[in-house]
**Student:** 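Just passing along the structure, written as structure tokens.
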There are 2 protein chains.
Amino acid sequence: MSLKTLSKSIDLLDCFTAEQPTWGVRELAKHLNMNTTVVHRIVSTFEQHGILMQNKETMKYHLGLRLLEYSKVVTEQLNIQQYVRPLLKEIMDATGESVYLTMLEGKVGVVVAVMLSTQEVKHIIPVGTRGPLYAGASHKVMMAFLDEEVQQEIMEEGLRSVTPETIVEPDVLREQLEQIRKHGWCISVGEFTEDVIGIAIPIQDSQGRVMGSVTVAGPKYRFSEEMVERSLNVLLFQLPFLRQSFNIISHIW
Amino acid sequence: MSLKTLSKSIDLLDCFTAEQPTWGVRELAKHLNMNTTVVHRIVSTFEQHGILMQNKETMKYHLGLRLLEYSKVVTEQLNIQQYVRPLLKEIMDATGESVYLTMLEGKVGVVVAVMLSTQEVKHIIPVGTRGPLYAGASHKVMMAFLDEEVQQEIMEEGLRSVTPETIVEPDVLREQLEQIRKHGWCISVGEFTEDVIGIAIPIQDSQGRVMGSVTVAGPKYRFSEEMVERSLNVLLFQLPFLRQSFNIISHIW
DNA sequence: TAGAGCGTTTCGATAATCGGAACAGTGTTC
DNA sequence: GAACACTGTTCCGATTATCGAAACGCTCTA
């Protein structure tokens with residue numbers, strides 16, 4: 001069993017998104033079908049701990065700076081600065097395109113580290129971004145190596161378009177996953193971000209379970225056949241080092 | 001009044017630090033003087049929401065990836081990428097040293113953006129780091145412009161050494177704050193990090209209230225008198241632009 | 001094989017949460 | 001300028017969710 005009060009409080013916290021980062025008390029109450037008093041108590045408790053902050057002019061609430069500290073602990077624990085980012089940098093230098101480290105969390109992928117291309121035109125997805133496992137190379141390459149029953153569950157929960165290019169046909173997706181397993185890598189065009197190509201390889205632990213993926217991504221027009229092949233070679237060359245870094249991480253996790 | 005359950009749950013979350021990022025259920029219960037069952041319920045509720053995660057081998061818990069998303073919303077809201085970081089970059093380019101944007105949160109300072117020096121030897125403090133207002137240039141420069149009663153409260157709560165150089169004498173501190181108000185900037189040596197010089201200016205809103213500070217920091221040996229003066233000039237030159245960026249931010253916050 | 005440790009579950013006693021109503025503000029409308 | 005609508009906030013008795021000792025199932029050590 002779980003704590004109802006805490007669970008509701010977290011649901012409330014989840015309302016604070018990039019799309020709507022500020023909320024009033026009654027506004028939140030309406031949105032969550034909760035009593036105003038209850039929302040107020042939750043919100044003021046969060047405020048006391050720096051997790052929410054109140055704008056004293058508009059009286060509305062927004063996420064607090066304390067959350068930056070939690071996030072700092074997470075990334076430090078992943079040893080991202082020390083182990084992973086140097087590897088991403090090498091891949092970025094060799095390809096010239098943005099590189100992403102994505103991790104598996106249940107049935108979603110989470111971007112945990114980025115190394116941005118130094119070119120003027122580049123692909124940018126911020127750390128912390130989450131998305132469904134069926135859209136985009138970085139996610140599909142993880143989904144392909146999950147148990148079939150989990151894949152089935154994801155498809156039964158419904159495939160929704162992120163972009164017009166997102167695969168929403170279960171049969172098409174199933175066949176693609178089959179191909180990804182066969183090749184050991186995945187290329188997608190515009191499935192998660194329009195006009196962007198992603199090339200991804202999975203990272204597995206010593207028992208062969210997928211933990212995450214590494215992706216090179218950039219604007220379509222820069223990815224000739226030769227460039228695709230080169231990117232893939234760079235990724236596959238770095239794979240053993242990435243695996244090793246992940247083993248260090250997984251000892252902590 | 002505040003919610004006891006939620007308050008305790010957040011206290012529990014606060015145990016997960018860089019020093020001790022993983023905890024067992026009974027271990028946490030002992031540390032917090034709480035019942036094991038209670039801790040277990042809190043922990044598993046957090047886990048259901050991705051805020052904590054359990055290592056299925058050691059059975060211990062650690063902070064979850066969901067926290068990265070909250071942090072993403074915070075920084076996006078601050079429009080740090082868009083407005084602030086380019087300014088920090090200019091300061092870094094002009095001085096060659098690491099630059100920090102710190103914000104005031106009650107009686108602590110929180111690092112909300114960094115632009116690291118490209119030199120081999122550099123000062124590094126990660127985003128999300130918190131510290132008392134009496135230690136280091138970035139913090140003292142904010143404290144100096146607070147109401148006197150708040151300053152008094154901070155001193156009454158006790159001044160503890162962060163490094164051997166930290167000012168712990170209330171009278172010395174009071175005089176320094178006086179000087180900072182007079183000059184409009186602050187230089188400190190080794191108060192927050194040993195052998196590191198920090199040069200900071202405050203950022204105030206249109207009503208003159210301190211919102212944060214910007215700091216140039218690097219190893220002591222690189223800061224000649226000339227370099228100190230140059231850094232200060234760079235900071236003061238960028239100040240109006242930084243203020244403007246902060247005004248944009250404060251409209252949202 | 002016994003013991004000590006772990007995370008987890010159960011269930012009745014307990015105490016914290018809930019929520020309607022009212023308060024104190026601000027800004028808008030007529 | 002008074003009535004209204006809207007904020008965030010506080011109060012207090014009824015409600016119900018949380019609490020916690022004890023036990024379970026497991027692993028690891030002696």
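As the structure is a computational prediction, the values presented were derived from the model and not from experiment. Throughout, a chain's letter reflects where its sequence line sits, starting with A, and its residues are numbered from 1.
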**Student:** To the nearest Å, give me how far apart CD1 (A:Ile42) and P (C:dA16) are.
**Tutor:**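 Distance, rounded to whole Å: 17 Å.
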**Student:** Mind checking salt bridge (charged side-chain N to carboxylate O under 4.0 Å, His left out) for A:Arg181 and listing every partner two or more places apart, or none if nothing turns up?
**Tutor:**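 Only A:Glu178 meet the salt bridge (charged side-chain N to carboxylate O under 4.0 Å, His left out) criterion with A:Arg181.
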**Student:** Between A:Tyr61 and D:dT9, is there a side-chain N or O to OP1/OP2 distance below 4.0 Å?
**Tutor:**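 True: A:Tyr61 side-chain N/O within range (under 4.0 Å) of D:dT9 OP1/OP2.
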**Student:** Check this one for me: any side-chain N or O of B:Thr5 less than 4.0 Å away from OP1 or OP2 of C:dT17?
**Tutor:**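 The answer is yes; a side-chain N or O of B:Thr5 sits under 4.0 Å from OP1 or OP2.
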**Student:** Could you check whether any side-chain heavy atom of B:Val214 comes within less than 4.5 Å of a side-chain heavy atom of B:Gln238, counting everything from C-beta outward?
**Tutor:**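 No, side chains not in contact.
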**Student:** Could you check how far NZ of B:Lys4 sits from P of D:dA17, rounded to whole Å?
**Tutor:**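 Computing the B:Lys4:NZ to D:dA17:P distance gives 18 Å.
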**Student:** Donor-acceptor check, side chain of B:Thr102 to backbone of B:Gly212, threshold 3.5 angstrom: yes or no?
**Tutor:**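 Side chain of B:Thr102 to backbone of B:Gly212: no pair is present.
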**Student:** So, does A:Gln20 use its side chain to make a donor-acceptor pair with the main chain of A:Cys15 at under 3.5 Å?
**Tutor:**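 No, the answer is negative, given that no donor and acceptor are paired below the 3.5 Å cut-off.
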**Student:** OP1 or OP2 of C:dG7 sitting under 4.0 Å from any side-chain N/O of B:His40?
**Tutor:**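 For B:His40, the contact criterion (side-chain N or O under 4.0 Å from OP1 or OP2 of C:dG7) is not met.
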**Student:** Checking B:Thr36 now: which residues fulfil side-chain hydrogen bond (donor to acceptor under 3.5 Å, both in side chains) with it, not counting sequence neighbours?
**Tutor:**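 By the side-chain hydrogen bond (donor to acceptor under 3.5 Å, both in side chains) rule, B:Thr36 matches no residue at all.
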**Student:** For D:dT9 and A:Gln54 - does any side-chain N or O of the residue sit under 4.0 Å from the phosphate oxygens OP1/OP2?
**Tutor:**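 True: A:Gln54 side-chain N/O within range (under 4.0 Å) of D:dT9 OP1/OP2.
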**Student:** Could you check how far NZ of A:Lys30 sits from C1' of D:dG8, rounded to whole Å?
**Tutor:**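 Spelled out: NZ on A:Lys30 to C1' on D:dG8 is 13 Å.
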**Student:** For a side-chain contact (heavy atoms from CB on, under 4.5 Å) with A:Phe145, tell me which candidate from A:Gln151, A:Met211, A:Gln204 qualifies.
**Tutor:**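 Going through the options one by one, the only one that passes is A:Gln204.
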**Student:** How long is the line joining CG of A:Leu6 and C1' of D:dT18, in whole Å?
**Tutor:**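 The answer, rounded to whole Å, is 12 Å.
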**Student:** If I take atom CZ in residue B:Phe46 and atom P in nucleotide C:dT8, what distance separates them, rounded to the nearest angstrom?
**Tutor:**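 So the two atoms are 15 Å apart, to the nearest Å.
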**Student:** Can you check the A:Asn33 CG to C:dG19 C1' distance for me, whole Å?
**Tutor:**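 Value for this atom pair: 15 Å.
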**Student:** According to ring-ring contact (aromatic ring centres under 6.0 Å, His included), who are the partners of B:Phe46, at least two apart in sequence or on a separate chain?
**Tutor:**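 Result, ring-ring contact (aromatic ring centres under 6.0 Å, His included) vs B:Phe46: none returned.
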**Student:** Bend angle of the helix from C:dT1-D:dA30 to C:dC30-D:dG1 from five-pair axes at both ends, rounded to 10°?
**Tutor:**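 For the helix from C:dT1-D:dA30 to C:dC30-D:dG1, the axes at opposite ends meet at about 30°.
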**Student:** Would you give me the side-chain donor-acceptor pairs under 3.5 Å for residues 125-135 of chain A, sequence neighbours excluded?
**Tutor:**
unit_1   : atom_1 : unit_2   : atom_2 : d
A:Thr129 : OG1    : A:Pro126 : O      : 2.7
A:Arg130 : NE     : B:Glu69  : OE1    : 3.0
A:Arg130 : NH2    : A:Glu105 : OE1    : 2.5
A:Tyr134 : OH     : A:Arg160 : N      : 2.9
A:Tyr134 : OH     : A:Arg160 : O      : 3.3

**Student:** Distance check: side-chain N/O of A:Lys8 vs OP1/OP2 of D:dA17, anything under 4.0 Å?
**Tutor:**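 No.
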**Student:** Between the protein and nucleotides 20-25 of chain C, list every N/O to N/O distance that falls short of 3.5 Å.
**Tutor:**
unit_1 : atom_1 : unit_2  : atom_2 : d
C:dG20 : OP2    : A:Asn35 : ND2    : 3.4
C:dG20 : O6     : A:Thr37 : OG1    : 3.0

**Student:** Let me know, please, whether B:Val38 or A:Trp23 comes out on the 5' side of the other along DNA chain D by nearest nucleotide.
**Tutor:**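 Residue closer to the 5' terminus by nearest nucleotide: A:Trp23.
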**Student:** Measure from CE on B:Met59 to P on C:dG5 and round the result to the nearest Å.
**Tutor:**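 Atom CE in B:Met59 sits about 19 Å away from atom P in C:dG5.
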**Student:** Could you check how far CG of A:Leu3 sits from P of C:dT8, rounded to whole Å?
**Tutor:**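 Those two atoms, CG and P, are 14 Å apart.
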**Student:** Does atom CD (B:Glu148) have a neighbourhood of more than 12 heavy atoms from anything else shown, all under 6.0 Å?
**Tutor:**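 Open: at most 12 neighbouring heavy atoms sit under 6.0 Å from CD of B:Glu148.
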